[in-house]
**Q** 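Got a structure here, written out as structure tokens. Questions coming.
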Amino acid sequence: MTERFRLVAAALVVTAVAACGDPAPTGHAVVEGEVLVSAAASLTDAFGEISVAFEVAHPGVDVVVNPGASSALREQILAGAPVDVYASANQANMDRLVAVGQVAGKPQVFARNLLQIAVPPGNPAGVTGLEDFANPDLLIGLCAAGVPCGDFARQALHNAGVTAAIDTNEPDVRALLTKIEAGELDAGITYVTDVYSSGSAVEGIEIPGDVNVAAEYPIAALSHAPNPAAAAAFVAFVVSGEGQSILARYGFASP
Amino acid sequence: MPGRPPVVLIVLGCLGLALFVVPLAGLVARTPWSRLPDLLTGDVVADALRLSLITSLASTVIALVLGVPLAWLLARVDFPGRAVVRAVVTLPLVLPPVVGGAALLFALGRRGLVGEPLNRLTGLLLPFSTWGVIIAATFVAMPFMVITVEGALRNLDRRYEGAAASLGAGRWTVLRRVTLPMIGPSLAAGLALTWARAFGEFGATITFAGNLQGRTQTLPLAVFVALESDRETAVAISLLMVAVSLAVLIALRDRWWRAL
């Protein structure tokens with residue numbers, strides 16, 4: 001634990017020195033210095049843009065985004081990594097940190113990631129909605145049960161009253177997208193943001209709001225944040241109108 | 001009479017052994033023994049075991065039918081580019097299986113280089129089918145057959161074959177009556193290794209054939225899925241795989257193993 005702490009600390013010092021030639025002072029009520037944000041991997045692109053906007057709004061602040069699986073980031077924080085802000089792709093990981101007093105204040109849900117049907121470019125099988133998932137002639141893929149995207153997809157199908165003729169249960173959303181992009185599957189259910197980040201490699205088909213299911217993303221400043229003032233300011237920025245409009249560009253829905 | 005083995009070798013050898021034994025001990029320590037019968041008789045496990053046995057045996061048969069001729073060509077025919085061919089044949093041993101699975105998907109998938117015309121002409125669809133599982137397993141396992149048999153053919157004393165031929169035996173008869181019986185132990189070892197690798201295959205299978213209970217979900221895939229949701233079942237299936245694989249390897253050891 002201490003070794004990892006030391007490594008991260010060393011990396012921070014190096015970054016800080018490289019960025020401004022002077023290790024940032026911490027613990028002041030002034031918003032300046034470096035702020036380390038551990039964010040779920042699906043937030044990488046959106047938080048990159050939010051960081052730039054935040055740095056423009058707060059000159060003297062340097063945002064470092066540490067992307068990763070929400071569960072892995074949680075473990076790093078529990079092991080003592082000097083993280084200022086944690087943004088998780090689900091409530092469960094945040095709840096674990098709240099339970100051990102690692103979170104300052106109350107986590108806020110700042111984004112929702114709805115589900116969307118993903119089909120290969122040109123939609124060769126002519127899929128129009130969740131009802132088509134019952135067609136045994138189509139090749140249909142979902143994430144496996146137990147994986148969040150798989151559980152959400154099953155819930156949406158259940159809400160729509162559709163018994164899907166599934167051909168494969170993929171280990172994660174990336175594996176599912178690969179098979180859709182290759183045209184090997186006719187349709188699958190992924191997050192809206194996955195369809196956005198795939199560009200033209202897949203096409204998205206809306207799932208109606210009354211049957212759709214959303215992953216909720218909570219964010220919080222951490223109680224052991226080395227830079228609490230900047231941490232609080234960053235969280236406020238993410239939930240602000242400017243932060244929300246950036247998130248919307250990457251396919252996230254507001255809470 | 002040999003003296004005591006050097007202490008350094010004993011220590012290093014035991015460390016090497018520990019690397020294999022400790023994970024097994026970890027698995028055994030986590031095993032919920034009292035619930036084991038229940039966990040292993042569920043229909044998910046039964047389907048996966050049946051599918052694993054069928055597909056691993058099928059790919060072993062294919063590896064025998066296709067791999068032995070390939071080994072013979074590599075060992076006996078001096079053709080240009082033989083070194084490259086041998087490297088290509090060995091590639092699946094060192095490639096991450098996921099890469100192999102992706103390559104299979106791009107080649108034999110519905111939109112693949114070979115898969116598309118195949119699908120158009122015959123209607124055959126390999127991904128997401130049991131045939132896909134067999135092909136993925138054969139892809140990763142057949143190299144064991146080829147390199148084992150090729151090695152045996154190279155080490156064979158060719159004077160026996162020469163003698164048979166000089167007595168009037170045709171090439172086919174020499175192969176059938178002299179060559180194959182002489183490399184029998186290596187052939188058997190190749191079969192055992194090929195089967196064991198096919199039985200344990202995961203990455204190429206899930207990437208190429210997908211994961212569906214009863215159709216493409218073999219035991220390793222069932223373990224992977226269960227790890228997400230039901231750790232006890234995952235441990236139980238893992239133990240089943242270790243037991244089956246170990247039993248086969250031990251049973252074959254005395255008869256054929258020393259041929260390697």
**Q** By a 4.5 Å heavy-atom criterion (distance strictly below it), what part of A/P124 contacts chain B: side chain, backbone, both, or neither?
**A** side chain

**Q** Is there a donor-acceptor pair closer than 3.5 Å between any side-chain N or O of B/S56 and the backbone N or O of B/F199?
**A** no

**Q** For chain A, which of B/T216, B/V98, B/D230, B/L105 has the most heavy-atom pairs under 4.5 Å?
**A** B/L105

**Q** Counting N and O atoms only, with roles assigned by atom type, does the side chain of A/E203 sit under 3.5 Å from a partner on the main chain of A/G122, one being a donor and the other an acceptor?
**A** yes

**Q** Is there any residue in residues 158-172 of chain A with a non-hydrogen atom under 4.5 Å from a non-hydrogen atom of chain B, and which ones are they?
**A** A/I166, A/D167, A/T168, A/N169, A/E170, A/P171

**Q** Would B/R110 and A/D186 pass as an ion pair if we require N to O under 4.0 Å?
**A** yes

**Q** Given a strict heavy-atom distance threshold of 4.5 Å, which part of B/L227 is in contact with chain A: side chain, backbone, both, or neither?
**A** neither

**Q** I'd like to know if B/R35 pairs up with B/E232 as an ion pair, taking the criterion as any Lys NZ or Arg NE/NH1/NH2 lying under 4.0 Å from an Asp or Glu carboxylate oxygen.
**A** yes

**Q** Within the 3.5 Å criterion, strictly below it, is a donor on A/Y217 or A/Q91 matched to an acceptor on the partner's side chain?
**A** no

**Q** Residues of residues 126-143 of chain A under 4.5 Å from chain B (heavy atom pairs)?
**A** A/L139

**Q** Taking the side chain as everything from C-beta on, heavy atoms only, tell me whether A/V238 gets closer than 4.5 Å to A/F47.
**A** yes

**Q** So, are B/R111 and A/E181 salt-bridged, with charged N and O less than 4.0 Å apart?
**A** no

**Q** I'd like to know if the side chain of B/S129 reaches the main chain of B/G132, judged simply by a donor and an acceptor atom lying under 3.5 Å from each other, with no hydrogens or angles considered.
**A** yes

**Q** Testing the 3.5 Å rule here: is there a donor-acceptor pair between the side chains of A/N93 and A/S71?
**A** no

